[in-house]
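The figures here come from the full heavy-atom set of this structure, side chains too, leaving out hydrogens, waters and symmetry mates.
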Amino acid sequence: TFAFAFFSVIGQYILGFGVALLLSGKLPLRPVFRVLFLLPWMFPAVVPGITWRWIFDGLFGVFNEILYRVGFYAETDVPIAWLGQTSTALAATIVANIWRGFPFMMVLLLAGLQSINQEMYEAAAVDGANAFRRFVDITLPSMKGISFVAILLAWIGSFMNFAIVQVMTSGGPANSSEVFATLIYKNAFLYADASYAATLGIILLALLMVPGGLYVRATMRSSRR
């Protein structure tokens with residue numbers, strides 16, 4: 001669960017920040033692209049799960065077909081069963097979760113980018129700062145607060161993720177992609193072990209109270225300013 005949440009949040013932040021920077025610039029048809037980039041987040045989590053399960057399908061998946069066409073596989077090679085191997089199943093669910101969650105990160109970071117005083121960029125440009133220096137010295141420091149909140153919210157969402165993992169792998173194979181939420185579901189509804197499932201639920205709640213408390217603290221600090 002920690003690995004799933006950690007790499008999901010990193011991927012969502014990098015992709016979300018990149019798209020937010022793109023949309024904050026002078027992009028043609030910018031409103032259209034904003035809607036298109038929001039599409040993965042508009043669907044229920046089950047839909048991306050089904051879509052990526054088909055993409056990573058070992059026999060009929062789009063991903064393996066692309067690898068064949070670019071020469072990664074020889075014509076006689078057996079394609080990799082991405083969701084059927086313990087070494088790749090978790091990574092495949094992380095990719096799906098990144099795709100589904102980055103629009104949320106993008107919206108928050110885009111709001112942060114638009115709140116930065118543009119006069120600072122103009123003054124830096126007059127002083128001879130190039131685009132990279134303006135990004136490092138102005139954009140990143142100005143985005144620390146919103147980035148912290150966005151990362152906390154994304155961590156909470158990924159840590160209790162259920163639908164994507166359940167639809168794609170059901171926690172398998174050999175529990176290699178098992179997360180707290182799917183383990184709770186199995187014990188409660190498949191193994192009829194309600195007491196163990198309730199215990200796992202309390203542990204999950206306790207683990208989520210840490211980022212939850214940090215989020216409340218961050219929002220209270222920002223409201224005092």
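- Atoms CZ and CG, from Phe148 and Leu153 in turn, are 10.0 Å apart once rounded to the nearest 0.5 Å.
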Checklist line | Derivation of the side-chain contact (heavy atoms from CB on, under 4.5 Å) call for Leu204 and Leu200 | finding: CA-CA 6 Å; Leu204 178 61; Leu200 291 173; over 6 Å; no

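- Going from atom CG of Leu110 over to atom CG of Leu21 covers 9.0 Å, rounded to the nearest 0.5 Å.
- For the pair Asn175 (side chain) and Glu178 (backbone), a donor-acceptor distance under 3.5 Å is absent.
- Considering all non-hydrogen atoms of both residues, Met42 and Val35 come closest at CE-O, 4.3 Å.
- Clustering ILVMFWY residues whenever any of their side-chain heavy atoms sit less than 4.5 angstrom apart, transitively, puts Leu108 in the very cluster that holds Phe159.
- Residues Ile156 and Met160 meet the side-chain proximity criterion, which asks for heavy atoms closer than 4.5 Å.
- With ring centers used as reference points, Phe2 lies 6.0 Å or more from Phe6.
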Notebook entry, point to check: Given Ile164 and Trp99, is the side-chain contact (heavy atoms from CB on, under 4.5 Å) satisfied, shown in steps?
Noted result: CA-CA 11 Å; Ile164 286 180; Trp99 183 82; over 6 Å; no

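- A donor-acceptor pair under 3.5 Å is formed between the side chain of Asn130 and the backbone N or O of Phe132.
- Separation of atoms CG (Leu83) and OG (Ser170) is listed at 10.5 Å; rounding is to 0.5 Å.
- The environment of CZ in Phe135 is crowded: more than 12 heavy-atom neighbours from other residues, nucleotides or ligands sit within 6.0 Å.
- More than 12 heavy atoms of other residues, nucleotides or ligands shown are found within 6.0 angstrom of CZ on Phe104.
- Contact record, Arg100 with Pro48: CG-CG, 3.4 Å, taken as the closest heavy-atom pair.
- Counting all heavy atoms, side chain and backbone alike, Ser24 lies closest to Leu113 at OG-CD1, 3.9 Å.
- Side-chain contact between Ile116 and Ile138 is present, with at least one heavy-atom pair separated by less than 4.5 Å.
- Under the 4.5 Å side-chain heavy-atom criterion for grouping Ile, Leu, Val, Met, Phe, Trp and Tyr, Leu190 is not connected to Val165 through any hydrophobic cluster.
- Between Phe63 and Phe56, the two ring planes are perpendicular [angle over 60°; tilted spans 30° to 60°].
- Both Phe72 and Val62 are members of a single hydrophobic cluster when ILVMFWY side chains are connected at heavy-atom separations under 4.5 Å.
- For Leu59 against Asp57, the heavy-atom pair with the smallest separation is N-OD2, 3.0 Å.
- Put simply, CD1 on Ile10 and OG on Ser158 are 11.0 Å apart, with the number rounded to the nearest 0.5 Å.
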Notebook entry, point to check: When you look at Leu15 and Met106, which way does the side-chain contact (heavy atoms from CB on, under 4.5 Å) test go after all the steps?
Noted result: CA-CA 8 Å; Leu15 186 58; Met106 176 199 73; over 6 Å; no

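- There is no path of hydrophobic side-chain contacts, each under 4.5 Å, that joins Val46 to Ile98.
- Classification of the Tyr68-Tyr73 ring pair by plane angle, with boundaries at 30° and 60°, yields tilted.
- When the shell of 6.0 Å around OH of Tyr121 is examined, it contains more than 12 heavy atoms from other residues, nucleotides or ligands.
- Residue Asp77 comes nearest to Ala74 through the heavy atom pair OD2-N, 2.8 Å, listed as atom of the first residue, atom of the second, then distance.
- Ring centroids of Phe102 and Tyr13 are separated by 6.0 Å or more, keeping the two rings apart.
- Residues Ser176 and Leu90 approach most closely at O-CB, 3.8 Å, considering heavy atoms.
- A donor-acceptor distance shorter than 3.5 angstrom exists from the side chain of Ser177 to the backbone of Gly172, with no hydrogens or angles considered.
- At most 12 heavy atoms of other shown residues, nucleotides or ligands fall within 6.0 angstrom of atom CE in Met209.
- For the pair Met105/Phe17, no side-chain contact is recorded, criterion being any heavy-atom separation below 4.5 Å from C-beta on.
- One hydrophobic cluster holds both Val32 and Leu39 under the rule that ILVMFWY side chains link at heavy-atom gaps under 4.5 Å.
- Taking CZ of Arg34 as the reference point, atom CG of Leu36 lies at 12.5 Å (rounded to 0.5 Å).
- Checking side-chain atoms of Gln12 against main-chain N and O of Asn97 turns up a donor-acceptor pair under 3.5 Å.
- When atom types are taken as modelled, the side chain of Thr1 and the backbone of Phe180 share a donor-acceptor pair closer than 3.5 angstrom.
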Margin query: What verdict does the side-chain contact (heavy atoms from CB on, under 4.5 Å) test give for Leu152 and Trp155, after you've listed the backbone C-alpha separation in whole Å, the side-chain angles of each residue and the deciding distance to 0.1 Å?
Written below: CA-CA 5 Å; Leu152 282 178; Trp155 176 269; 5.6 Å; no

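- Between the CG atom of Leu38 and the CG atom of Leu23 there is a distance of 9.0 Å, given to the nearest 0.5 Å.
- Results of the side-chain hydrogen bond (donor to acceptor under 3.5 Å, both in side chains) test with Trp82 over Thr169, Thr93, Asn64 single out Asn64 as the only residue that passes.
- For Arg134 (side chain) and Met120 (main-chain N/O), no donor-acceptor pair under 3.5 Å exists by modelled atom type.
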